[in-house]
There are 2 protein chains.
Amino acid sequence: MDRPAFLLSSLGVQVANEFTERLRPLGLEPIEFALLAHLESAEGSSQQTLAEALGVHRNAMVGLVDELETRGLVQRHPHPDDRRAKALHLTERARELVERGYRAADEHDADLLSTVEESERPQLISLLRRVAEDRGVSPRGHPCLTQHPGPVKRSTTDRADEDSR
Amino acid sequence: MDRPAFLLSSLGVQVANEFTERLRPLGLEPIEFALLAHLESAEGSSQQTLAEALGVHRNAMVGLVDELETRGLVQRHPHPDDRRAKALHLTERARELVERGYRAADEHDADLLSTVEESERPQLISLLRRVAEDRGVSPRGHPCLTQHPGPVKRSTTDRADEDSR
DNA sequence: TATTGTTATACTCTATAACTATA
DNA sequence: TATAGTTATAGAGTATAACAATA
């Protein structure tokens with residue numbers, strides 16, 4: 001099966017699964033790593049803001065933060081500008097985990113490229129980036145694995161014009 | 001984010017979602033198309049055999065076949081060699097759908113490659129195939145979208161060596 | 001009146017076990 | 001005793017709606 005679409009999607013799922021496995025020893029799910037990593041460069045964000053950045057619903061963010069707070073990785077502080085909101089902060093332990101997560105990602109990348117000639121790597125990356133940009137790939141996370149596919153616009157009137165059945 | 005792993009996984013999920021959308025007008029889910037397409041080249045297979053080929057559990061296969069049978073796309077005949085088994089057969093309508101599905105896949109592939117120079121396409125495909133082969137990507141379907149991730153080997157003793165919490 | 005965080009509920013999916021009829 | 005297909009049930013995950021506090 002040399003179809004580009006087939007290759008890309010099965011390879012993509014495989015790679016996402018591999019990353020999940022590399023994160024497992026750190027005790028992090030991909031969405032949790034994404035949350036912590038994003039928070040690291042936006043310390044003090046509100047849950048709402050973070051939720052939008054990660055593409056999860058604010059209701060789901062509650063449970064996510066609950067879990068990470070229980071594990072001592074994030075803290076909810078009062079938000080300086082808005083008394084309704086919580087300002088999220090990373091703990092020292094979380095910062096270490098994020099660093100280890102990035103290192104895992106580096107190792108993963110190196111492993112992925114190991115079969116590709118050094119000289120071909122820039123081209124592969126540039127081709128992938130070009131295709132991804134062309135399709136407007138959102139720089140979010142791994143919707144597949146993080147199980148936050150977003151509202152699947154399949155409202156009432158859908159399935160209307162299907163021709164089987 | 002130019003990490004190969006990140007590019008590959010987000011692009012893969014995107015591409016898989018696009019294919020799902022292209023299949024929608026045919027009234028087929030990816031797993032259903034996979035089932036019909038596979039059956040086309042293995043007419044008369046038992047549910048068990050097909051289930052293994054597609055990477056779904058035999059229990060799940062029942063509902064899948066039920067649905068397709070209701071829609072008049074597959075038929076359960078008595079299996080010539082084994083009275084316990086059902087021999088699955090495609091209807092004429094299903095054959096047309098499979099052809100349209102393949103055509104949708106062709107269009108999708110063409111669209112994917114439209115931003116890539118004609119001269120670069122063979123190399124892109126060969127690179128992807130090389131990486132995929134190196135990782136032992138199973139030639140199955142789109143586990144992500146078909147929602148059949150298989151048993152997630154996360155047995156009792158798992159999560160033992162996690163270091164957070 | 002709108003927004004932030006929260007909780008509760010309903011819904012969808014899937015994994016498991018158990019049953020039957022055959023082998 | 002094992003296997004093919006089936007069914008039922010429980011569990012996980014997610015989406016939706018509704019609420020209190022604040023803007």
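Below, chains carry the letters A, B, ... as their sequence lines are ordered, and counting in each starts from 1. Side chains included, hydrogens not; waters and symmetry mates left out as well; all remaining heavy atoms used.
Remark: R130(B) pairs with E120(A) by the salt bridge (Lys or Arg N to Asp or Glu O under 4.0 Å) rule, at least two apart or across chains. Annotation: side chain to side chain donor-acceptor pair (under 3.5 Å) contacts of E96(A) (sequence neighbours excluded): none. Among residues two or more places apart in sequence or in another chain, the side chain to side chain donor-acceptor pair (under 3.5 Å) test is passed with H108(B) by E18(B). Take D106(B) and apply the side chain to side chain contact (heavy atoms under 4.5 Å, CB included) test, not counting sequence neighbours, and it matches R3(A). With sequence neighbours left out, R83(B) forms a side chain to side chain contact (heavy atoms under 4.5 Å, CB included) with no residue at all.
One atom, NE2 of H79(A), and another, C1' of dA21(D), lie 16 Å apart when rounded to the nearest Å. Rounded to an integer number of Å, the gap from CZ of R83(A) to P of dA20(D) is 18 Å. In this entry the distance linking CD of E67(A) with C1' of dG13(D) reads 14 Å, nearest Å. The distance between atom CG of D81(B) and atom C1' of dT3(D), rounded to the nearest whole Å, is 15 Å. Atom CD in Q48(B) sits roughly 15 Å away from atom C1' in dA21(C) (whole-Å rounding). Distance Q75(B) CD to dG5(D) C1': 18 Å, rounded to the nearest Å.
The side chain of R84(A) lies closest to dA21(D) when the candidates are dG5(C), dA2(D), dA21(D).
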N/O to N/O distances under 3.5 Å, protein versus nucleotides 6-9 of chain C:
| residue | atom | partner | partner atom | Å |
| --- | --- | --- | --- | --- |
| dT6(C) | OP1 | R76(A) | NH1 | 3.1 |
| dT6(C) | OP1 | K86(A) | NZ | 3.2 |
| dT6(C) | OP2 | Q47(A) | OE1 | 3.0 |
| dT6(C) | OP2 | Q47(A) | NE2 | 3.0 |
| dT6(C) | OP2 | R76(A) | NH1 | 2.5 |
| dT6(C) | O4 | N59(A) | OD1 | 2.8 |
| dT7(C) | O4 | N59(A) | ND2 | 3.4 |

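Note: D111(A) CG to R22(A) CZ = 5.0 Å, rounded to the nearest 0.5 Å.
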